[in-house]
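What follows is a set of notes on a single structure, which appears directly below.
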Number of protein chains: 2
Amino acid sequence: MPESVSGTVSGRRPTHPETSRIRLETVLSALADPVRLSIVGALADGHDDMACVAFDLPVSKSTSTHHFRVLREAGVIRQYYEGTARMSCLRVADLEERFPGLLTAVLDAERARRG
Amino acid sequence: MPESVSGTVSGRRPTHPETSRIRLETVLSALADPVRLSIVGALADGHDDMACVAFDLPVSKSTSTHHFRVLREAGVIRQYYEGTARMSCLRVADLEERFPGLLTAVLDAERARRG
DNA sequence: TTCGTAGTTTGACAATCGTCGTAGTACGAC
DNA sequence: GTCGTACTACGACGATTGTCAAACTACGAA
C-alpha cells in the first residue's frame with residue numbers, strides 16, 4: 001500500500017490496477033486457486049455484485065480478505081464499500097479488452113467443473 | 001512416480017494425465033509462471049515439437065527439467081524421447097476438448113505481451 | 001569402450017503462499 | 001454515545017515453489 005492519499009485509513013480505499021497494467025501471469029495465478037476460482041464463478045453466475053459475506057467460503061474471515069485482495073490486485077474484480085459491506089464485481093469488460101476470451105474460457109471451464 | 005511398470009528407470013517413461021483428468025487449477029497454475037509461459041509460447045509459435053535445449057531459457061538445466069515436468073503433469077505438453085533429446089509438444093487438441101478456448105486465449109495474450 | 005551430450009534426481013535454500021487467530025477499524029442501528 | 005456487524009491488519013505457522021549445484025543415467029558417436 002504505497003500512496004494512501006487523503007485522510008482515510010488504508011483498506012478503505014482499495015487500489016485497483018489500470019486495465020492496461022493487468023498482467024497475464026498475475027491473473028492466471030490469481031485464478032489458479034480453488035477458493036478464488038469459486039469466488040469468480042459465484043460472481044459470474046450469481047448476482048453481479050456481491051458482498052464478501054454472501055460467498056460462504058470454507059475459510060476464515062481473514063483468509064477471505066486475503067483472497068479478495070489477491071483478485072482485486074490482479075485486476076480480476078473491482079471492490080467498493082456499501083456501508084460496512086465490501087461489494088465485489090468481476091471486471092468483465094476490462095479483462096475482455098486486455099485478454100480477449102480468457103475470462104470466458106475460464107468461466108466455462110469452471111462452470112463445467114462444478115455442474 | 002508411483003507405478004513404473006517395466007524395467008526402465010523412471011524418468012524415461014514420462015507420465016501424462018489423461019485428457020479427462022486435466023484439472024483447471026493445475027493448468028492455470030502451470031501457466032502462471034513466466035518461464036513456463038515462454039515455453040508454451042515458443043511451442044505454439046515456433047516449431048510444433050522442440051527439444052528442451054532449443055528453448056534457451058534463463059534458468060539452469062535442473063530448473064528447466066522442473067518446469068517441463070510441471071507443464072507435462074498439468075497436461076499442457078506431451079513429452080517423449082528422440083535419442084537423448086526430450087521433445088515437447090503442446091496438447092492443443094486435448095486442451096481444446098477439455099477447456100475450449102482457454103489455450104487460445106492464453107496464447108493470444110502471451111503473444112501480445114511479447115510482440 | 002570411451003567420450004560427450006542431454007536430461008534427471010537429489011538435496012538444499014530462500015521466498016512466497018494459504019491458512020489461522022487475535023486485535024483493530026469503520027459503519028449502521030439503537 | 002454504545003453495540004453489533006463486516007471487514008482489515010498483523011504476526012505466525014507449515015506447505016509449496018522456484019532456484020541452484022552436484023552427482024547420476026541414458027543414448028549416440030568416435
Side-chain angles (χ1 to χ4, degrees), chain A residues 1-2 4 6-16 23 25-40 49-74 76-88, chain B residues 1-2 4 6-16 23 25-40 49-74 77-89:
Chain A
M1 331 76 200
S4 65
S6 42
T8 326
V9 176
S10 84
R12 286 266 126 188
R13 285 181 199 282
T15 71
H16 297 85
R23 288 179 50 233
E25 303 130 338
T26 312
V27 169
L28 291 175
S29 96
L31 297 174
D33 176 278
V35 175
R36 292 194 291 264
L37 212 40
S38 81
I39 292 174
V40 170
D49 289 32
M50 289 175 82
C52 289
V53 87
F55 286 91
D56 192 32
L57 300 172
V59 293
S60 72
K61 268 195 304 178
S62 33
T63 305
S64 266
T65 298
H66 165 69
H67 285 307
F68 278 96
R69 178 143 86 117
V70 170
L71 286 171
R72 169 167 44 80
E73 292 183 344
V76 177
I77 66 176
R78 198 173 288 280
Q79 292 189 292
Y80 59 93
Y81 280 98
E82 195 88 28
T84 71
R86 181 81 122 166
M87 305 301 285
S88 301
Chain B
M1 329 72 202
S4 64
S6 40
T8 326
V9 177
S10 85
R12 286 266 128 187
R13 285 181 200 280
T15 72
H16 298 86
R23 288 178 50 232
E25 303 131 333
T26 312
V27 169
L28 290 174
S29 94
L31 296 174
D33 175 277
V35 174
R36 292 195 290 265
L37 211 41
S38 81
I39 291 174
V40 170
D49 291 30
M50 289 176 80
C52 289
V53 86
F55 286 90
D56 192 31
L57 300 171
V59 292
S60 72
K61 269 194 306 178
S62 34
T63 304
S64 266
T65 297
H66 165 67
H67 285 307
F68 278 96
R69 178 142 87 117
V70 171
L71 286 171
R72 169 166 45 80
E73 292 182 343
I77 65 175
R78 199 174 286 281
Q79 293 189 290
Y80 59 93
Y81 280 98
E82 195 88 30
T84 70
R86 181 82 120 166
M87 307 300 287
S88 302
C89 62

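Below, chains carry the letters A, B, ... as their sequence lines are ordered, and counting in each starts from 1.
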**OP:** Could you list the residues that satisfy side-chain hydrogen bond (donor to acceptor under 3.5 Å, both in side chains) with A:Arg72, not counting sequence neighbours?
**Re:** A:Gln79
Original post:
Rounded to whole angstroms, how far apart are CZ on B:Phe68 and P on D:dG18?
Top reply: 15 Å
Tabulate atom names and distances for all N/O pairs under 3.5 angstrom spanning the protein and nucleotides 18-22 of chain C.
from: C:dG18; atom 1: OP1; to: A:Arg36; atom 2: NH2; distance (Å): 2.9
from: C:dG18; atom 1: OP2; to: A:Arg36; atom 2: NH1; distance (Å): 3.4
from: C:dG18; atom 1: OP2; to: A:His66; atom 2: NE2; distance (Å): 3.3
from: C:dT19; atom 1: OP2; to: A:His67; atom 2: NE2; distance (Å): 2.3
from: C:dC20; atom 1: OP2; to: A:Ser60; atom 2: N; distance (Å): 2.7
from: C:dC20; atom 1: OP2; to: A:Ser60; atom 2: OG; distance (Å): 3.2
from: C:dC20; atom 1: OP2; to: A:Thr63; atom 2: OG1; distance (Å): 3.0
from: C:dG21; atom 1: N7; to: A:Ser62; atom 2: OG; distance (Å): 3.2
from: C:dG21; atom 1: O6; to: A:Ser62; atom 2: OG; distance (Å): 2.9

Original post:
To the nearest angstrom, how far is B:Glu25 atom CD from C:dC17 atom P?
Top reply: 17 Å
**OP:** Specify the separation, in whole Å, of atom CE of A:Met87 and atom C1' of D:dC7.
**Re:** 13 Å
Original post:
Between C:dG7 atom C1' and B:Ile77 atom CD1, what is the distance in whole Å?
Top reply: 13 Å
**OP:** Using atom OH of A:Tyr80 as one end and atom P of D:dC7 as the other, report the distance to the nearest whole Å.
**Re:** 12 Å
Subject >> Residues forming a side-chain contact (heavy atoms from CB on, under 4.5 Å) with A:Thr65, sequence neighbours excluded >> reply: none
Subject >> B:Thr65 side-chain N/O to C:dT8 phosphate OP1/OP2 under 4.0 Å >> reply: yes
**OP:** Applying side-chain hydrogen bond (donor to acceptor under 3.5 Å, both in side chains), name anything that partners B:Ser62, two or more places apart in sequence or on another chain.
**Re:** B:Ser60
**OP:** Quick one: do A:Phe68 and A:Leu57 satisfy side chain to side chain contact (heavy atoms under 4.5 Å, CB included)? Show the steps, please.
**Re:** CA-CA 11 Å; A:Phe68 278 96; A:Leu57 300 172; 4.1 Å; yes
**OP:** For A:Arg78, enumerate each residue passing the salt bridge (charged side-chain N to carboxylate O under 4.0 Å, His left out) test, keeping only those at least two apart in sequence or located in another chain.
**Re:** A:Asp94
Subject >> Per A:Tyr81 side chain, nearest of listed nucleotides C:dA6, D:dT5, D:dC7 >> reply: D:dC7
**OP:** May I ask you to verify if any side-chain N or O of A:Arg69 is less than 4.0 angstrom from the OP1 or OP2 atom of D:dT8?
**Re:** no
**OP:** Starting at atom CD1 of A:Ile39, determine the distance to atom P of D:dC7, rounded to an integer number of angstrom.
**Re:** 12 Å
Original post:
Taking atom C1' of D:dA9 as reference, at what distance in whole Å does atom CD of A:Glu73 sit?
Top reply: 13 Å
Original post:
Please, which pairs that meet side-chain hydrogen bond (donor to acceptor under 3.5 Å, both in side chains) have at least one residue in residues 29-39 of chain B, sequence neighbours excluded?
Top reply: B:Arg36-B:His67
Original post:
In whole angstroms, how far is the C1' atom of D:dT5 from the CD atom of A:Glu82?
Top reply: 15 Å
